[in-house]
Amino acid sequence: MLNADLRHLARHQVMGLAVQFLLGMAVNLLGLPSQVTGAAHTASTVFLAAHVLITLGLLAGAAMIIRATARPQNPSRQLAIWGAIAIAATTAAGILNMITKSNWWSFGMALGFIASLLTYGGLLMQARTPSQQSG
(Lines give C-alpha, C1' and ligand atoms only; values in the text may rest on other atoms or scores of the structure.)
Protein backbone atom coordinates (compact mmCIF):
# COMPACT_ATOMS: atom_id res chain seq x y z
CA MET A 1 0.00 0.00 0.00
CA LEU A 2 1.30 3.40 -0.88
CA ASN A 3 1.74 5.91 1.89
CA ALA A 4 -0.57 8.28 0.01
CA ASP A 5 -3.38 5.71 0.05
CA LEU A 6 -2.93 4.98 3.74
CA ARG A 7 -2.75 8.71 4.48
CA HIS A 8 -5.99 9.21 2.55
CA LEU A 9 -7.80 6.47 4.51
CA ALA A 10 -6.44 7.66 7.87
CA ARG A 11 -7.41 11.26 7.08
CA HIS A 12 -10.97 10.13 6.37
CA GLN A 13 -11.07 8.29 9.70
CA VAL A 14 -9.89 11.40 11.54
CA MET A 15 -12.44 13.60 9.76
CA GLY A 16 -15.18 11.05 10.45
CA LEU A 17 -14.24 11.00 14.13
CA ALA A 18 -14.39 14.81 14.28
CA VAL A 19 -17.87 14.86 12.74
CA GLN A 20 -18.90 11.96 14.98
CA PHE A 21 -17.81 13.93 18.05
CA LEU A 22 -19.80 17.00 17.00
CA LEU A 23 -22.94 15.00 16.23
CA GLY A 24 -22.68 13.16 19.54
CA MET A 25 -22.32 16.44 21.40
CA ALA A 26 -25.33 17.88 19.56
CA VAL A 27 -27.47 14.90 20.61
CA ASN A 28 -26.12 15.19 24.15
CA LEU A 29 -26.97 18.91 24.32
CA LEU A 30 -30.44 18.55 22.78
CA GLY A 31 -31.34 15.29 24.48
CA LEU A 32 -32.24 11.95 22.96
CA PRO A 33 -35.26 11.95 20.63
CA SER A 34 -37.28 10.17 23.34
CA GLN A 35 -36.52 13.02 25.76
CA VAL A 36 -37.47 16.06 23.66
CA THR A 37 -40.37 17.30 21.52
CA GLY A 38 -40.95 19.60 18.56
CA ALA A 39 -38.02 20.94 16.58
CA ALA A 40 -35.53 19.60 19.14
CA HIS A 41 -36.97 16.10 18.61
CA THR A 42 -36.54 16.39 14.83
CA ALA A 43 -33.01 17.77 15.12
CA SER A 44 -32.01 15.14 17.69
CA THR A 45 -33.38 12.36 15.49
CA VAL A 46 -31.46 13.64 12.45
CA PHE A 47 -28.24 14.08 14.44
CA LEU A 48 -28.56 10.63 16.02
CA ALA A 49 -29.26 8.99 12.64
CA ALA A 50 -26.21 10.72 11.13
CA HIS A 51 -24.16 9.63 14.16
CA VAL A 52 -25.16 6.00 13.53
CA LEU A 53 -24.43 6.23 9.78
CA ILE A 54 -20.99 7.68 10.40
CA THR A 55 -20.35 4.86 12.87
CA LEU A 56 -20.94 2.41 10.03
CA GLY A 57 -18.54 4.39 7.86
CA LEU A 58 -15.88 4.37 10.58
CA LEU A 59 -16.24 0.60 10.99
CA ALA A 60 -15.90 0.15 7.22
CA GLY A 61 -12.91 2.51 7.17
CA ALA A 62 -11.22 0.57 9.96
CA ALA A 63 -11.65 -2.65 7.98
CA MET A 64 -10.28 -0.98 4.84
CA ILE A 65 -7.20 0.22 6.69
CA ILE A 66 -6.55 -3.23 8.15
CA ARG A 67 -6.89 -4.72 4.69
CA ALA A 68 -4.64 -2.02 3.21
CA THR A 69 -1.90 -2.75 5.74
CA ALA A 70 -2.08 -6.53 5.32
CA ARG A 71 1.41 -6.77 3.84
CA PRO A 72 3.70 -8.65 6.25
CA GLN A 73 6.04 -6.50 8.30
CA ASN A 74 4.04 -3.34 7.53
CA PRO A 75 4.88 -0.88 10.33
CA SER A 76 1.34 0.54 10.19
CA ARG A 77 -0.34 -2.83 10.70
CA GLN A 78 -0.35 -2.73 14.51
CA LEU A 79 -1.83 0.78 14.61
CA ALA A 80 -4.48 -0.28 12.08
CA ILE A 81 -5.49 -3.18 14.32
CA TRP A 82 -5.58 -1.00 17.45
CA GLY A 83 -7.63 1.60 15.59
CA ALA A 84 -10.18 -1.01 14.56
CA ILE A 85 -10.36 -2.31 18.13
CA ALA A 86 -10.94 1.24 19.41
CA ILE A 87 -13.68 1.87 16.83
CA ALA A 88 -15.37 -1.46 17.62
CA ALA A 89 -15.19 -0.85 21.39
CA THR A 90 -16.58 2.65 20.98
CA THR A 91 -19.43 1.31 18.85
CA ALA A 92 -20.20 -1.33 21.48
CA ALA A 93 -20.18 1.36 24.19
CA GLY A 94 -22.61 3.43 22.11
CA ILE A 95 -24.99 0.51 21.68
CA LEU A 96 -24.79 -0.31 25.39
CA ASN A 97 -25.36 3.36 26.23
CA MET A 98 -28.60 3.33 24.23
CA ILE A 99 -29.76 0.04 25.76
CA THR A 100 -28.87 0.70 29.40
CA LYS A 101 -29.14 4.51 29.44
CA SER A 102 -26.04 4.47 31.66
CA ASN A 103 -23.77 7.49 31.44
CA TRP A 104 -20.80 5.20 32.12
CA TRP A 105 -21.15 3.87 28.58
CA SER A 106 -21.16 7.46 27.34
CA PHE A 107 -17.87 7.85 29.20
CA GLY A 108 -16.71 4.67 27.43
CA MET A 109 -17.57 6.28 24.10
CA ALA A 110 -15.48 9.31 25.04
CA LEU A 111 -12.52 7.09 25.92
CA GLY A 112 -12.94 5.16 22.67
CA PHE A 113 -13.11 8.40 20.69
CA ILE A 114 -9.83 9.60 22.20
CA ALA A 115 -8.14 6.24 21.60
CA SER A 116 -9.41 6.16 18.00
CA LEU A 117 -8.34 9.73 17.30
CA LEU A 118 -4.86 9.16 18.71
CA THR A 119 -4.48 5.91 16.78
CA TYR A 120 -5.63 7.21 13.41
CA GLY A 121 -3.72 10.46 13.97
CA GLY A 122 -0.65 8.28 14.55
CA LEU A 123 -1.34 6.39 11.34
CA LEU A 124 -1.71 9.68 9.51
CA MET A 125 1.66 10.85 10.83
CA GLN A 126 3.29 7.50 10.05
CA ALA A 127 2.06 7.66 6.46
CA ARG A 128 3.67 11.01 5.73
CA THR A 129 6.10 11.03 2.85
CA PRO A 130 9.83 11.55 3.59
CA SER A 131 9.69 15.08 2.16
CA GLN A 132 6.78 15.94 4.49
CA GLN A 133 8.63 14.56 7.50
CA SER A 134 11.77 16.62 6.98
CA GLY A 135 9.93 19.88 6.19
Side-chain angles (χ1 to χ4, degrees):
M1 157 135 261
L2 297 172
N3 273 349
D5 295 333
L6 183 57
R7 191 172 56 249
H8 175 80
L9 290 170
R11 185 173 40 246
H12 279 275
Q13 288 294 91
V14 169
M15 289 187 311
L17 285 163
V19 172
Q20 189 75 322
F21 174 80
L22 293 174
L23 289 169
M25 288 306 299
V27 171
N28 192 39
L29 290 171
L30 289 171
L32 290 170
S34 62
Q35 300 169 330
V36 292
T37 60
H41 174 66
T42 302
S44 181
T45 301
V46 169
F47 292 150
L48 188 58
H51 191 73
V52 170
L53 288 174
I54 291 174
T55 297
L56 297 174
L58 288 168
L59 287 166
M64 290 169 62
I65 289 175
I66 285 178
R67 188 168 176 224
T69 59
R71 187 182 80 233
Q73 306 303 322
N74 189 330
S76 301
R77 179 77 171 164
Q78 196 64 36
L79 273 178
I81 291 169
W82 280 112
I85 290 169
I87 294 288
T90 307
T91 300
I95 292 167
L96 289 167
N97 183 42
M98 293 301 292
I99 292 170
T100 66
K101 311 257 189 282
S102 169
N103 286 333
W104 284 107
W105 291 115
S106 183
F107 180 73
M109 282 192 295
L111 289 176
F113 165 78
I114 291 169
S116 300
L117 188 61
L118 289 173
T119 304
Y120 288 112
L123 264 176
L124 191 56
M125 295 303 291
Q126 219 175 50
R128 293 170 61 194
T129 62
S131 64
Q132 290 174 314
Q133 291 174 354
S134 63

Would you kindly confirm whether [X] and [Y] end up in one hydrophobic cluster when ILVMFWY residues are joined by side chain heavy atoms under 4.5 Å apart?
| X | Y | answer |
| --- | --- | --- |
| Y120 | L22 | yes |
| I114 | W104 | no |
| V27 | I95 | no |
| V19 | L48 | yes |

*asked:* Please list all pairs meeting ring-ring contact (aromatic ring centres under 6.0 Å, His included) that have one or both residues in residues 5-35, counting only residues at least two apart or in different chains.
replied: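 Sorted pair list: H8-H12, F21-F113.
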* Which residue pairs satisfy the side-chain hydrogen bond (donor to acceptor under 3.5 Å, both in side chains) criterion with at least one member in residues 26-41, sequence neighbours excluded? ->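 Every candidate side-chain hydrogen bond (donor to acceptor under 3.5 Å, both in side chains) pair involving residues 26-41 fails, so no pair, neighbours aside, qualifies.
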What do the steps show when you test L32 against M98 for side-chain contact (heavy atoms from CB on, under 4.5 Å), and what is the final call? CA-CA 9 Å; L32 290 170; M98 293 301 292; 4.1 Å; yes
For this session: Mind running side-chain contact (heavy atoms from CB on, under 4.5 Å) on I54 and L58 for me, showing each step along the way?
Result: CA-CA 6 Å; I54 291 174; L58 288 168; 4.1 Å; yes
- Which is it for I66 and R77 under the side-chain contact (heavy atoms from CB on, under 4.5 Å) test, yes or no, and what are the steps along the way? CA-CA 7 Å; I66 285 178; R77 179 77 171 164; 3.3 Å; yes
**Asked** Are T55 and T90 close enough, and set up right, to give a side-chain contact (heavy atoms from CB on, under 4.5 Å), and what steps lead you there?
**Response** CA-CA 9 Å; T55 297; T90 307; over 6 Å; no
(message) Can a donor-acceptor pair be found, under 3.5 Å and without considering hydrogens, that links the side chain of S76 to the backbone of L123?
(response)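 Absent.
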What is the minimum heavy-atom distance between A43 and L30, and which atoms define it?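 The pair with the smallest heavy-atom distance is CB-CD1, 3.8 Å.
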